[in-house]
Structure formats: C-alpha cells, structure tokens
There are 2 protein chains.
Amino acid sequence: MTAHAHPELTKNQSLVFGSLSDAGGPLTAYAILDLLREDGFRAPLQVYRALDKLVEYGMVHRLESLNAFVACAHTGCSAHGAAAFAICEQCGDVIEFTPDEALKGLNDWAGAQDFTLARMTIELRGTCGACKSKAV
Amino acid sequence: MTAHAHPELTKNQSLVFGSLSDAGGPLTAYAILDLLREDGFRAPLQVYRALDKLVEYGMVHRLESLNAFVACAHTGCSAHGAAAFAICEQCGDVIEFTPDEALKGLNDWAGAQDFTLARMTIELRGTCGACKSKAV
DNA sequence: GAGTTTTATGTAATAATATAACGCGGTCTC
DNA sequence: GAGACCGCGTTATATTATTACATAAAACTC
C-alpha cells in the first residue's frame, strides 16, 4: 500500500486501493465491499465514494465492459484518460497498455470534428496468447 | 422499419429495432421496454433477448459507458466489431464512426501480443462542436 | 406427417450494479 | 465560533441484467 506521489489518501481510499493492488486484477465494487467487511465496510457507497476519488486521481481505471475497476498498472500513472485494456475472456487477465497510434488517430478525428475530448474508453476483448497455448 | 438484408427479424426483434431507429439515439433497455408496453411488452427479458440478437446481427451496438443501445448508423453495417462512438456529454448525441488508423494500431498491438481479438469497444466522451458553439 | 430439436416467447422472481438523501464530525478560514 | 467544505456512516431506493421455468411456434428428420 505504497504512499504514491498523489494526494494523501483517506483511510477508505487506502483500503480500496489496497484491495485492488493486492488483487492484481479487476474487481467489482461489491467484490471490494466483501473484501473490506472485516475492515468495517458496511455499504456500497463507501466503496463507490473511494473509487470515484481514486479514478479522479488516475490511480484506478474503470473497465466499462466489465463494470469493474482495476489499479493502474503504471505506479504513477498521471498523464491520463489515455489507457487501453485487453481483457482475456478465458482467464480474465487484463493487460493495460498505451496505444499511441490509436490515440493519435482518435485525437485527430476529434480535432477534425471539433469534438473536445474529456476521456476515452478503449477495451479489447478476446483470448490472450497464454490461453491459446493451453487450449487443445 | 426497413427490411434489411439481414435475417428475418421476429416480431419482438422488429419492435425493438424500430424503437431504436425511431429514437435516432441511444436508449436503455428499460426505456425501450416502456416504449413498447403498448405493443404488449411486459418484462425486461423481452427487450434483452431481442437486443442480444440484434447486436449479434450487427444491427445494434451496445454503448458500454452508457449501458445503452443504439441502432447502427450504417444501414447494412455488416463488417463489424469495428465501430467507435463519440458521445457528447452536453446534448447526449452519439456519432458513430470507423476509426481506421486506431483500428490498425490496435490490431497491430494484438498481433504483436498474440492476443486474438473478438471485439473492441471504443468510446469517446466530451463535448461536440455544436454544444461548444452554444455555450457562452 | 409424427416425432424431435431448435428457437422464440411469456412470466415471475431475483441478482448485480449504482445512487439519493439524510445526518454527523472534523478541519479549515476568517 | 460561525460558516464552508469534505469525508464518513447509514438507510433506502433506483437502475441494469439474469435465472428459472413453462409454453408455443418453426425447422428438421425419418
């Protein structure tokens, strides 16, 4: 539960970020709630409020196609709105990456349309190399 | 409610596709349900089942970041998994487009990672040109 | 065309995800 | 110390989506 160069986290924010970091993968808000019951969490709102802040700080990403949340892979991940995720439908693993060419293309499109970008969601679904090897 | 070169739609599928086409923008499943009550719809499942098929046929897209559905902008939109959406947070308008450069970049990334793509979600959030003009 | 399988349907119940509304307590600032 | 703000706790509720079971209609097989 490293300190990070981010705003001092509150107790609830630290707990939520800790669960996500420890999980090493995506968790739903309710899964986090269950993990934190022993730490005194009682209600979904405690999780959602912390997640809102963590997403705002760029420490956590929301996976829209999974309704789940994941700790940012880049321990200091500040320059954002700009991550992409590949989600393996076999093993559930999520790979975060920065798709420079795609981002350029989308930014160009937005510029040409006079569309001001607030954020982007880029999520790939499929099967990762490891799972394909395993399959007969 | 044009006939399309697609599988013959069932009655429920036609009704759902019709509401989405008429709406000219995204609708949630429950919004569709309310629109179709006068046509005899009673339960969410009637909508979700039709939507599943329509998405499978490529006639409807799901907007993950909105939990909503929209009729495909390309009346015969067959070659898919490959659309992107720009969603204006002021007026709610959705622009569907095909981001060739971005798709190339993401496909290349997947190839390099040995990740087999099943589908992609690309959604841009922001403010469209028209809304920016209106703003003081 | 009788039997079988598949697909679509209707309905009720429930699960999973997310927010609204209220009140309390701390910490700033002035 | 009054006011503003923020985080927190709690209850209730809203929204989105699925499970489970029964019926009916279409398509396929022999």
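Labels below follow one simple rule: chain letters A, B, ... track the order of the sequence lines, proteins then strands, and each chain is numbered from 1.
Distance CG (B:Asp52) to P (D:dT18): 7 Å, rounded to an integer number of Å. Across the protein-nucleic acid pair, A:Lys11 atom NZ and D:dC8 atom P stand 9 Å apart, rounded to whole Å. Distance A:Glu64 CD to D:dT16 P: 13 Å, rounded to the nearest Å. A:Gln13 has its CD atom 12 Å from the P atom of D:dG9, to the nearest Å. The interatomic distance linking A:Tyr30 (OH) with C:dT14 (P) rounds to 18 Å, in whole Å. As rounded to whole Å, 11 Å separates atom P of D:dT18 from atom CG of B:Leu51. Remark: C1' of D:dC8 and CG of A:Leu36 are 15 Å apart, rounded to the nearest angstrom. Atom OH in B:Tyr48 sits roughly 4 Å away from atom C1' in D:dT16 (whole-Å rounding).
At the phosphate of D:dT15, neither OP1 nor OP2 sits under 4.0 Å from any side-chain N or O atom of B:Thr28. In terms of phosphate contacts, A:Gln46 brings a side-chain nitrogen or oxygen within less than 4.0 Å of OP1 or OP2 of D:dG9. OP1 or OP2 of D:dG9 has at least one side-chain nitrogen or oxygen of A:Asn12 nearer than 4.0 Å.
Ion pairing between A:Arg37 and A:Asp34 holds under the 4.0 Å rule for side-chain N and carboxylate O.
Contacts of A:Arg49 with the nucleic acid, taken as non-hydrogen atoms under 4.0 Å apart, include base atoms.
Closest approach to the A:Pro44 side chain among C:dT19, C:dT17, D:dG9 is made by C:dT19 (side chain taken as heavy atoms from C-beta onward).
Here the shortest heavy-atom pairing between B:Arg62 and B:Phe69 reads NH1-CZ, 3.5 Å. For A:Cys88 against A:Thr127, the heavy-atom pair with the smallest separation is SG-CA, 4.0 Å.
In summary, the side chains of B:Ser65 and A:Glu64 do not present any donor paired with an acceptor at a separation below 3.5 Å, with no hydrogens or angles considered.
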